[in-house]
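First up is the structure itself, then whatever we jot down about it.
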Number of protein chains: 2
Amino acid sequence: MPKPRVPRPTAKRLSLYLRELEAQQDRGQPTSSSKQLGTALGLTDAQVRKDLAIFGQFGHPGIGYKIPELIAQLRKILGTDRSWNAAIVGAGNIGRALMPYARFRRKGFEIVAVFDSDPAVIGSVIAGHKVRPMSDLPQLVRERNILIGIIAVPAAAAQQVADALIKAGVKGILNFAPIRLEVDHHVSVDSVDFLLSLEQLAFQVSLGLAGSLDERDGE
Amino acid sequence: MPKPRVPRPTAKRLSLYLRELEAQQDRGQPTSSSKQLGTALGLTDAQVRKDLAIFGQFGHPGIGYKIPELIAQLRKILGTDRSWNAAIVGAGNIGRALMPYARFRRKGFEIVAVFDSDPAVIGSVIAGHKVRPMSDLPQLVRERNILIGIIAVPAAAAQQVADALIKAGVKGILNFAPIRLEVDHHVSVDSVDFLLSLEQLAFQVSLGLAGSLDERDGE
DNA sequence: CGTTGTGAAATGATTCACAGCT
DNA sequence: AGCTGTGAATCATTTCACAACG
């Protein structure tokens, strides 16, 4: 299994397949078909098969996909068959909402450090996490093998936080600040921007009930 | 200006253009060019021009785009030239983080109601918002002309909350639950799913420094 | 000049449709 | 019969390249 070219939309769907398969497994299902996965996720069966076939031949003609087998494969592909240590930078509203989010750990992401620049919160403990000063960041990121940084600071500070994280060795950044981060090409950035999402909603809604935008779900 | 077909990727970029233009205006810039907008956002100039040309001829050859003019146009197109009343359902971690988010109002979104099903929080006031029981939802959505609902409840409850919101008259839903919502085609849904984003990050990072995924920014 | 708007070409993603396996 | 994997066809989006404009 060398390195297949992965279309970006496919990459996003991989996580969705995994999620749906886990749900089906919880319901006691032993196998699933591309048809079944597709209808659950609003996709065509052909789409599902194309996506999965990129990585190998996981399916069994006449049967479908064996759920435990495919789950294991997807976890390996997505890198969630191991655990990832992450740091949250910014103990404001968003950072605080993220800390107690138990599902993180259940999915293999462990928050092992929290940083903030505000002396008023440094030293306090939130949801079991001690808030540390930014000056501790380089050392802790290295010591605790943190590869993922979560930026939950105001837009004005986001770029310099990103720079600090990258310099310390972080390889992936989840960015909640409404700003485009400029990063080296060997670092991955994924942004969560709910203001943008709200605006998309306003746009689609104001296009009116008979929208001229595609009629497919805006998932 | 009838109803142009708007490619979905274009719709997302429209908000980005508006944001960048506002930043440039704050810096005192009177005009901007497709080249300048493009480099600021990691896009080609041709892309920017194509996107904007869908809605009319806003540019001035040799000059570029007059910033105040284009901002006004984009606001009108996106529907953010007016104010939108929104309701938050779910006063848990995420809901609570959203309530004090001042930027919402600044961008034309006003949280005018908050609902939860937990008797322990109903009646309490969070960030100036009184938490109301779900039974108040239908009436309040109508009375306060709420067109946008923000779902911040656990996945298991999300679909029924969506149904309740839509029945009450909401036309757009911002969904924070990690689940696909089944909605009528006249309702728009946009999802914010940071577990998904984290997994994308893990995927890209584990593909290794020399990723086989596109080398462009993972914005 | 510099910059727009836009057909034409190139690239990318999805769907079709069917041979082949169980 | 039911279902996968996949080449070919279709559809969508981006980039190119250039005439026209101020």
Side-chain angles (χ1 to χ4, degrees), chain A residues 1 4-14 16-17 20-21 24 29-67 69-70 73-74 77 211-219, chain B residues 1 4-14 16-17 20-21 24 29-67 69-70 73-74 77 211-219:
Chain A
M1 206 189 324
R5 280 271 162 308
V6 185
R8 294 235 252 153
T10 296
K12 292 226 181 78
R13 286 190 296 264
L14 255 24
L16 298 176
Y17 298 146
E20 177 60 24
L21 285 162
Q24 293 183 1
Q29 233 177 278
T31 66
S32 192
S33 68
S34 56
K35 185 92 182 295
Q36 197 177 359
L37 277 168
T39 40
L41 296 168
L43 307 167
T44 66
D45 52 337
Q47 178 83 86
V48 176
R49 291 199 299 277
K50 261 264 152 76
D51 283 344
L52 296 176
I54 289 177
F55 302 95
Q57 310 209 153
F58 307 139
H60 305 275
I63 308 292
Y65 300 88
K66 294 179 182 166
I67 290 184
E69 186 180 307
L70 186 51
Q73 289 287 356
L74 284 174
I77 291 164
S212 59
L213 198 57
D214 255 346
E215 295 276 315
R216 279 173 291 161
D217 277 2
E219 176 88 9
Chain B
M1 210 188 326
R5 281 272 160 310
V6 184
R8 292 234 252 153
T10 296
K12 292 226 181 80
R13 286 190 296 265
L14 255 23
L16 297 177
Y17 297 147
E20 177 61 25
L21 286 162
Q24 293 184 0
Q29 232 177 281
T31 67
S32 192
S33 68
S34 57
K35 185 90 180 296
Q36 197 178 0
L37 278 168
T39 41
L41 297 169
L43 307 167
T44 65
D45 52 336
Q47 178 83 85
V48 176
R49 291 199 298 278
K50 262 263 152 74
D51 284 345
L52 296 176
I54 289 176
F55 302 95
Q57 311 207 154
F58 306 140
H60 304 275
I63 307 294
Y65 300 87
K66 295 181 183 167
I67 291 184
E69 187 181 307
L70 185 51
Q73 289 287 356
L74 283 174
I77 291 165
S212 59
L213 197 59
D214 255 347
E215 293 278 313
R216 279 173 290 160
D217 279 1
E219 174 87 10

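All chains are named by letter (A, B, ...) in the order of the sequence lines, taking the proteins before the strands, and each is independently numbered beginning at 1. What's counted below: heavy atoms across the whole structure, side chains too, no hydrogens, waters or symmetry copies. The model shown is predicted, which means the values in this text are computed figures rather than measured ones.
- Within the model, atoms CG of B:L74 and CG of B:L14 stand 5.5 Å from one another, a figure rounded to the nearest 0.5 Å.
- Considering only side-chain N and O atoms, A:Q47 lies nowhere under 4.0 angstrom from the phosphate OP1 or OP2 of C:dA13.
- If you check D:dT15, C:dA17, C:dA13 against the side chain of A:P9, the one that comes closest is C:dA13.
- Whole-Å rounding puts the A:R5 CZ to C:dT14 P distance at 17 Å.
- Rounded to whole Å, the distance from CG on B:D51 to C1' on D:dA12 is 14 Å.
- The phosphate of D:dG5 has neither OP1 nor OP2 within less than 4.0 Å of any side-chain N or O from A:Q57.
- The phosphate of D:dT14 (OP1 or OP2) has a side-chain N or O of B:R13 nearer than 4.0 angstrom.
- Partners of A:Q24 by side chain to side chain donor-acceptor pair (under 3.5 Å), not counting sequence neighbours, listed by chain and number: A:E20, A:Q29, A:S32.
- Here D:dT4 presents its P atom at 16 Å from CD1 of A:I54, a figure rounded to the nearest Å.
- Straight-line distance from the CZ atom of B:R8 to the C1' atom of C:dT14: 13 Å, rounded to whole Å.
- Residue pairs meeting the salt bridge (Lys or Arg N to Asp or Glu O under 4.0 Å) criterion with at least one member in residues 34-48 of chain A, sequence neighbours excluded, are A:D45-A:R49.
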Counting only pairs under 3.5 Å, give me each side-chain donor-acceptor contact of residues 50-65 of chain A, with atom names and distances, residues two or more places apart or in other chains.
from, atom 1, to, atom 2, distance (Å)
A:D51, OD1, A:T10, OG1, 2.8
A:D51, OD1, A:R13, NH2, 3.1
A:D51, OD2, A:R13, NE, 2.6
A:D51, OD2, A:R13, NH2, 3.2
A:D51, OD2, A:Y17, OH, 2.5
A:H60, NE2, A:E69, OE2, 3.2

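- Of the side-chain N and O atoms in A:T44, none sit less than 4.0 angstrom from OP1 or OP2 of C:dT14.
- One can place CG of A:L52 at 13 Å from P of C:dT14, the figure rounded to the nearest angstrom.
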Under 3.5 Å between N/O atoms: give me all the protein pairs with nucleotides 1-3 of chain D, atom names plus distance.
from, atom 1, to, atom 2, distance (Å)
D:dG2, N2, A:G62, N, 3.1
D:dC3, O4', A:G62, N, 3.2

Set out, line by line, the N/O atom pairs under 3.5 Å between protein and nucleotides 7-10 of chain C.
from, atom 1, to, atom 2, distance (Å)
C:dG7, O6, B:K50, NZ, 3.0
C:dA8, N6, B:K50, NZ, 3.4

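- Every side chain to side chain contact (heavy atoms under 4.5 Å, CB included) that A:T44 has, sequence neighbours left out, goes to A:A46, A:Q47.
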